[in-house]
Number of protein chains: 2
Amino acid sequence: MTLSPSSLIPFTTTCVYSGTFIPYYPAMQKTARRSRPAARLPGRPREFDMDTALDRAVRVFRERGYHATSIGDLTAAMRLATGSIYKAFRDKHAVFLAAFERYTALRQQQTRSAAARGANGREQIRNVLLSYVEHSRGIEGRRGCLVVGSAVELSALDPVVGARVSTQLASNESFIAGLIRAGQADGSIPRHVLADDTARLMLCITQGMRVVGKARLPLDAERLVGAAMKLLA
Amino acid sequence: MTLSPSSLIPFTTTCVYSGTFIPYYPAMQKTARRSRPAARLPGRPREFDMDTALDRAVRVFRERGYHATSIGDLTAAMRLATGSIYKAFRDKHAVFLAAFERYTALRQQQTRSAAARGANGREQIRNVLLSYVEHSRGIEGRRGCLVVGSAVELSALDPVVGARVSTQLASNESFIAGLIRAGQADGSIPRHVLADDTARLMLCITQGMRVVGKARLPLDAERLVGAAMKLLA
DNA sequence: CAGAATAGGGAATGACCATTCCCTATACCT
DNA sequence: AGGTATAGGGAATGGTCATTCCCTATTCTG
């Protein structure tokens, strides 16, 4: 699969992934929306755990990006044979999208639970920022963020991934905006703070930390967040 | 040229580009450090303009990244035949490095000249931030930043590019730190502002804007920079 | 136990890509 | 004009990659 040749404007790409995304999964098992225990599907049951396999795919895609990851890299990381991958996913692109979903679901969970540990809006934002620094630092930071990676490597070439990335960023931003407004309601953040502008700026800060962390510059959580909290003054 | 397979830690890559970087350029012409007019080098002179060709390469690499850019994409963009590219550069990697240098030189120039239009440290920083937003917005923003792209796509896989990226980010950061200190000296920025911490945070902001802009979220210069200037309060 | 349906695994396939080869063209020098 | 040195350009090459094929294995149904 090749995504298309050069020039960006006019965007004359003959892109395969233009239409609505259909989550394929040939004979998807275990994701049944039925009541538990899930009614057995016909045929031999899948032997590997989908989430475990996707976690491994996530790791490779985070480290190598989309284009530098070969099916061979995926078979090694996911511990599946070529045929098995193509039995479970339409193609490499589908593996990537599934990995992306898995990644964002886990990250969203981590961010929300960091926020939940704060007593008021202000502390919740501080915790979210601290959590971002921790994920952008050291080994974890070097591994990279799949959203940032997709934004940079694929947004302009692949409309499907581009849409997912935008959705994810918008969701992150509005989560922060919500925390700011909550803080204004509970009195921990002054009324004169512009929630939307500040949230967008904080989105830039968090995504920027992932870039800086990937480039191995050291990030100090207390110092960085300490400075950033001025935005809520 | 393939950069290496999977796992990041331990980083067992057999990377070709580990050693010191030698700027190759087989029979580099015109970059002669001699006095003008440059003494003619032996053989047929190069017909194309190196900077023009590199600007075109920069554009492709910004839009498509390193791995998704084929030699065919480069020949089309640079308007050179395959053989001519390999006559002028060792390989694709060398084209990329030359393009990277060209890009960072131009960007540095643009940023410094934006700063120069400010009357004091505070206004210089405002101008730098405004300039970053303008470059991260719209068509230019969608085209992306080669430094951010390299950080995300190559830093972990390619030590040579990784080092260049880190150097560039560090240079951007210390430029900002310098402006903060200048502002404190000229009285436009309070003494209690922590120059280094604030500069690092502003580095995150600028790099984050490139990510957000690449994902096509709209960026409003006045609103974003208005919020960011609180960091200098 | 036969049949249907799907998973596991690995070899085969066809396309594409980075790089090299080689022939031609153009400069300078004597 | 002949020699040397390099550039221009495009065809040939060898390797890699995504994808398909096909054979085997395992489950459920009747």
Side-chain angles (χ1 to χ4, degrees), chain A residues 1-6 14 16-17 24-32 37-50 53 57 60-61 64-96 158, chain B residues 1-6 14 16-17 24-32 37-50 53 57 60-61 64-96 158:
Chain A
M1 199 278 307
T2 316
L3 277 170
S4 84
S6 64
T14 55
V16 188
Y17 302 104
Y24 190 58
Y25 290 106
M28 183 53 147
Q29 292 187 7
K30 290 205 171 158
T31 317
R40 277 277 200 196
L41 280 97
R44 177 175 172 178
R46 177 173 290 148
E47 281 177 14
F48 66 90
D49 179 66
M50 179 58 86
V60 184
F61 281 128
R64 306 184 57 77
Y66 180 78
H67 288 107
T69 297
S70 71
I71 298 293
D73 294 333
L74 287 174
T75 59
M78 300 171 83
R79 303 184 205 169
L80 294 176
T82 320
S84 303
I85 287 190
Y86 279 88
K87 201 84 73 180
F89 303 93
R90 187 202 305 274
D91 54 20
K92 180 180 159 185
H93 191 258
V95 180
F96 184 81
D158 182 334
Chain B
M1 199 279 308
T2 317
L3 277 169
S4 83
S6 62
T14 54
V16 187
Y17 301 105
Y24 189 59
Y25 289 106
M28 182 53 146
Q29 292 185 8
K30 290 204 171 159
T31 317
R40 276 280 201 193
L41 281 95
R44 177 174 172 179
R46 178 173 289 149
E47 281 176 15
F48 66 91
D49 179 66
M50 179 58 87
V60 185
F61 281 128
R64 306 185 55 77
Y66 180 79
H67 289 106
T69 298
S70 70
I71 298 292
D73 293 334
L74 287 175
T75 58
M78 298 171 83
R79 305 184 205 169
L80 294 175
T82 320
S84 303
I85 288 191
Y86 279 89
K87 201 84 70 180
F89 303 92
R90 186 203 306 275
D91 53 20
K92 181 180 158 184
H93 192 258
V95 180
F96 184 82
D158 182 334

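Convention: sequence-line order gives letters A, B, ...; per-chain numbering from 1.
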Test side chain to side chain contact (heavy atoms under 4.5 Å, CB included) applied to A:His93 and A:Asp158, step by step: CA-CA 10 Å; A:His93 191 258; A:Asp158 182 334; 2.4 Å; yes

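- Straight-line distance from the CD1 atom of B:Ile71 to the C1' atom of D:dG9: 15 Å, rounded to whole Å.
- Per the geometry, CG belonging to A:Asp49 stands 15 Å off P belonging to C:dA7, to the nearest Å.
- Here the CD atom belonging to B:Glu47 is positioned 10.0 Å from the CG atom belonging to B:Leu80, to the nearest 0.5 angstrom.
- When rounded to the nearest whole Å, the span between OH of B:Tyr66 and P of C:dC17 equals 14 Å.
- Considering only heavy atoms from C-beta on, B:Tyr66 stays 4.5 Å or farther from A:His67 through its side chain.
- B:Met78 and B:Ala53 get closest at one heavy-atom pair: CG-O, 3.6 Å.
- Residue A:Lys92 contributes atom NZ, which lies 12 Å from atom C1' of D:dT16 at whole-angstrom precision.
- In this structure, the CZ atom of A:Phe89 is 16 Å from the C1' atom of D:dA18, given to the nearest Å.
- Here A:Thr75 lies out of heavy-atom contact (under 4.0 Å) with every strand.
- Under the 4.5 Å side-chain criterion, counting only non-hydrogen atoms from C-beta, A:Val95 is in contact with A:Phe61.
- Close to C:dG9, at under 4.0 Å from its OP1 or OP2, lies a side-chain N or O of A:Ser84.
- Between the P atom of C:dC17 and the CG atom of B:Asp73 lies a distance of 7 Å, rounded to the nearest Å.
- Remark: A:Arg46 CZ to A:Leu41 CG distance equals 9.5 Å, nearest 0.5 Å.
- Between B:Leu80 and A:Thr69, the one whose closest nucleotide on DNA chain D sits nearer the 5' end is B:Leu80.
- Within 4.0 Å of B:Ser70, counting heavy atoms only, lie sugar-phosphate atoms of the nucleic acid but no base atom.
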Sugar-phosphate or base contact per nucleotide [nucleotides 20-30 of chain C; S, B, -; heavy atom under 4.0 Å]: B-B--BBSS--

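- Atoms CG (B:Leu74) and P (D:dG9) sit 15 Å apart, rounded to a whole Å.
- With sequence neighbours excluded, the residues satisfying side chain to side chain contact (heavy atoms under 4.5 Å, CB included) with A:Thr82 are A:Ile71, A:Thr75, A:Tyr86.
- The distance from atom CG of A:Asp91 to atom C1' of D:dA18 is 9 Å, rounded to the nearest whole Å.
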